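All chains are named by letter (A, B, ...) in the order of the sequence lines, taking the proteins before the strands, and each is independently numbered beginning at 1. Bear in mind the structure is a predicted one, so any value in this text is a computation, not a measurement. Values below: every heavy atom of this structure, side chains too, minus hydrogens, waters and symmetry copies.
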There are 4 protein chains.
Amino acid sequence: MSEEELLIQQLFDEEKLTDKQKKIIVAAIESFSEKGYSATSTSEIAKKAGVAEGTIFRHYKTKKDLLLSIVAPLMTKMIGPIVVNDFNKVLDRQYDRVEDFLKATIENRRELLIKLLPVIKILLQEIPFQPELRELFLEQIANKIFERVSIIIKGYQEKGELIEMPPESVARLAITSILGYLFSRYILFPHIEWDDELETERTIQFIMHGLGKKE
Amino acid sequence: MSEEELLIQQLFDEEKLTDKQKKIIVAAIESFSEKGYSATSTSEIAKKAGVAEGTIFRHYKTKKDLLLSIVAPLMTKMIGPIVVNDFNKVLDRQYDRVEDFLKATIENRRELLIKLLPVIKILLQEIPFQPELRELFLEQIANKIFERVSIIIKGYQEKGELIEMPPESVARLAITSILGYLFSRYILFPHIEWDDELETERTIQFIMHGLGKKE
Amino acid sequence: MSEEELLIQQLFDEEKLTDKQKKIIVAAIESFSEKGYSATSTSEIAKKAGVAEGTIFRHYKTKKDLLLSIVAPLMTKMIGPIVVNDFNKVLDRQYDRVEDFLKATIENRRELLIKLLPVIKILLQEIPFQPELRELFLEQIANKIFERVSIIIKGYQEKGELIEMPPESVARLAITSILGYLFSRYILFPHIEWDDELETERTIQFIMHGLGKKE
Amino acid sequence: MSEEELLIQQLFDEEKLTDKQKKIIVAAIESFSEKGYSATSTSEIAKKAGVAEGTIFRHYKTKKDLLLSIVAPLMTKMIGPIVVNDFNKVLDRQYDRVEDFLKATIENRRELLIKLLPVIKILLQEIPFQPELRELFLEQIANKIFERVSIIIKGYQEKGELIEMPPESVARLAITSILGYLFSRYILFPHIEWDDELETERTIQFIMHGLGKKE
DNA sequence: GATGAATGAGTGTTCATTCAT
DNA sequence: CATGAATGAACACTCATTCAT
């Protein structure tokens, strides 16, 4: 729980959350990611959080409000820094090769990613059904990231490190490969033993060189 | 509707479905894929199908039963043939190069895939929450496909067409790339104009050669 | 089942019952007496009887019809003979003493009573809730029996065998004692070992001499 | 209604019942005893109680819970005092003769019994179908009462007031006679005019001396 | 005569939300 | 602020009954 609380503070610290609010958020994340948003009842969240049912609605006008208040900061607070911090390093030529950039990005975000996995899962699950979420996502992620990423990609393309292909396609292929790994790893086959470092390596190798054998 | 009916017949033909049953299935697929399984009520399905609510439960004991009866045939009827028909062609050396195999597989399944997309969407959405579904999926797909695919992959690896990498990893990377494309194409950004043929080509190229530039 | 079938024939023989009808009756008796009339569904009866749901309603217009068709013959066919046969024997002075009459009546009806217990249980359970049943019961039993019994009782009273008390009260006390025994024996404490003969003896003794010690 | 409210308070006073809870209980008792537990719907109770249907389920998890919460106190609160208060008086030799004991017991409980009759009716009706009820009944009544009653009976037997017969049989005969009277009086023939005092007298006389004439 | 698909009102129960305390 | 009783619409599901086959 205290592990989760840290995550909560990382995601939600700026707005001052009361103790009860934190408990509600933690409980909601747990339930939403386990059973899905629609299949989770507010009373269940209240019970798990140890607060009265009414308390939830004092802080969040509706259930959907609660969902948004969980998922929105993920997009604004989490993705933002990645783009700004990490990408700037790339733009500052700190990584000569794409591999190194990818590796570094994944590496120093892995722990955070795993911690955030429940929230990411909620986000991915609900994006198809919540127009507000989709729009928020498109504004915050798709556009911002693609904008930045395009520059990076173009940079590497100019250096001859990446093939000529519209940056959006490059981004799509790279990102879905990484998310595909996470999906297989943590949602489809969580019970299998994974050598995470090796499999990350392979995923990066795949992104860079594909499956075809070089002769 | 008649388009959808064709799909229904393709997926469900063996069991003789009554007229009302078909209408229920069509309505359920539409609603489940639009709003999600949990957020769809049986009364809504009944209204959309133009039948009494009781009629649903005469044919499907529970709501979950209805979900399974929609999604299960997708796995047994759809994936089966792909494995058996297409893969046999590969084993029979009809495709010399992996590219050709991938292309042919995607190409002649594309229409079906698009038609089945709502059902696929339902499947992907509910797998994380329905243990029965996950198990069914693992039995029907993961195991059967990986078994077959391993042979094919090993074959190409022996021919020097594919890099040395455990077949499971190869399969995972290839498959998630394809599904990632479909997810981006039809779920995340369905409103963007896509040049499907070109993007398929790129996805295959990516799978084969990655993003790194050959010099 | 063949045991029960005999009972069915005894109760229902005159009207010619089809095979299916018999099965319905047997199933209904079993379910009604196990779970009560209201808590038993017609579909359940149909399943237990091995007939289609519609078949029940071909023979019995409504569920209540089915109930009445089970319980009514108990009153007309069962109680009738007791009154006519046995009571006539008493009137014919075949039993000098009340004890002997009671003993003989209970004795040679015991097996039948036990077999009919499920139906009796249904009758007792539903009398408070079904006005039709209550009226039928009052007409068939209360009035007919009390009429006859009054004569018998008056006879024994004149012989000085019974105390002076209005015959209705005498009848009530005697009958509830016997039914109270059956209720304790078969409904409240069926799992206890009972010495039936002894306990019947005691019940009769109680009816005749009460609990007070003669000095 | 205010009459019934008194009853409610007598049965349920210890737990503090809200106003709505009382109304629900009163309505449930009325409906259950009029139509039986299974034939009564929760919506009907809600309507009669003037509360929302959801309110019932806030206080009682299930419909059966409501039944138990009505019937259980009858056993613990009603029967308990009888056993403790009245029986102690007997043990304290306050009643020399069994008749006096029986008379006093019935007399000073009659009003309460009549008020509780609806609840008693529910109890008697549902005992055959609700295993929980039967067990509760056996624990609370059968065992506790028989234990106490045995002592009393043995006491009177030693004094030569009661015949030699196993105390359980004595208890069964006495109790079913009293209940048989109540059943005839209030359930089977409530519409007939009864001289209650006289009929109670007769029932006691019957229990003590039976129907046989002393010469 | 027998079937079982079809019905729609009704079942017990849960829901998100409100509001007096 | 926080509570939890209260709500009534909605929920998944069952019911007795009908009727075309």
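Close to F:dA6, at under 4.0 Å from its OP1 or OP2, lies a side-chain N or O of D:His59.
Closest to the side chain of B:Ser41, from the set F:dA2, F:dC11, E:dT13, is F:dC11. Distance from the side chain of D:Thr55 is smallest to F:dA6 among F:dT3, E:dA16, F:dA6.
Between the NZ atom of A:Lys64 and the P atom of E:dC15 there is a distance of 18 Å, rounded to whole Å. Atom P of nucleotide E:dT7 and atom CD of B:Gln21 are separated by 12 Å, given to the nearest angstrom. Between the P atom of E:dT14 and the OH atom of D:Tyr60 lies a distance of 16 Å, rounded to the nearest Å. For the pair B:Ile24 CD1 and E:dT7 C1', the interatomic distance rounds to 12 Å; values are reported in whole Å. Distance, B:Ile45 CD1 to E:dG8 P: 18 Å, rounded to whole Å. The CD-C1' distance, from C:Glu53 to E:dT7, rounds to 12 Å in whole Å. We find that NZ of A:Lys47 is positioned 11 Å from C1' of E:dT14, with the value rounded to whole Å. One atom, CZ of D:Phe57, and another, C1' of F:dG8, lie 13 Å apart when rounded to the nearest Å.
Comparing D:Arg58 and B:Thr18 against DNA chain E, the residue whose closest nucleotide sits nearer the 5' end is B:Thr18. With DNA chain F read from its 5' end, the first of the two nearest nucleotides for C:Ser43 and B:Ser43 is the one closest to B:Ser43. Ranked by how close their nearest DNA chain E nucleotide is to the 5' end, C:Lys20 and D:Thr62 are led by C:Lys20. Each of A:Val51 and B:Lys63 has a nearest nucleotide on DNA chain F; the 5'-most of these lies closest to A:Val51.
Considering B:Ile24, B:Ile29, B:Leu123 as possible partners of B:Ile70, the one that fulfils the side-chain contact (heavy atoms from CB on, under 4.5 Å) test is B:Ile29. Results of the side-chain contact (heavy atoms from CB on, under 4.5 Å) test with B:Glu126 over B:Phe137, B:Phe32, B:Tyr37 single out B:Tyr37 as the only residue that passes. Of the residues D:Lys48, D:Lys47, D:Lys23, the one that meets the salt bridge (charged side-chain N to carboxylate O under 4.0 Å, His left out) test with D:Glu30 is D:Lys48.
Here E:dC19 sits opposite F:dG4 as a Watson-Crick or G-U wobble pair (both hydrogen-bonding atom distances under 3.5 Å).
Of all non-hydrogen atoms in B:Glu44 and B:Ser31, the two that sit nearest each other are OE2-OG, 3.6 Å.
Looking at A:Thr42 and A:Glu53, their side chains never bring a donor and an acceptor atom within 3.5 Å of each other.
If you check every strand for non-hydrogen atoms under 4.0 Å, D:Thr40 touches sugar and phosphate atoms only.
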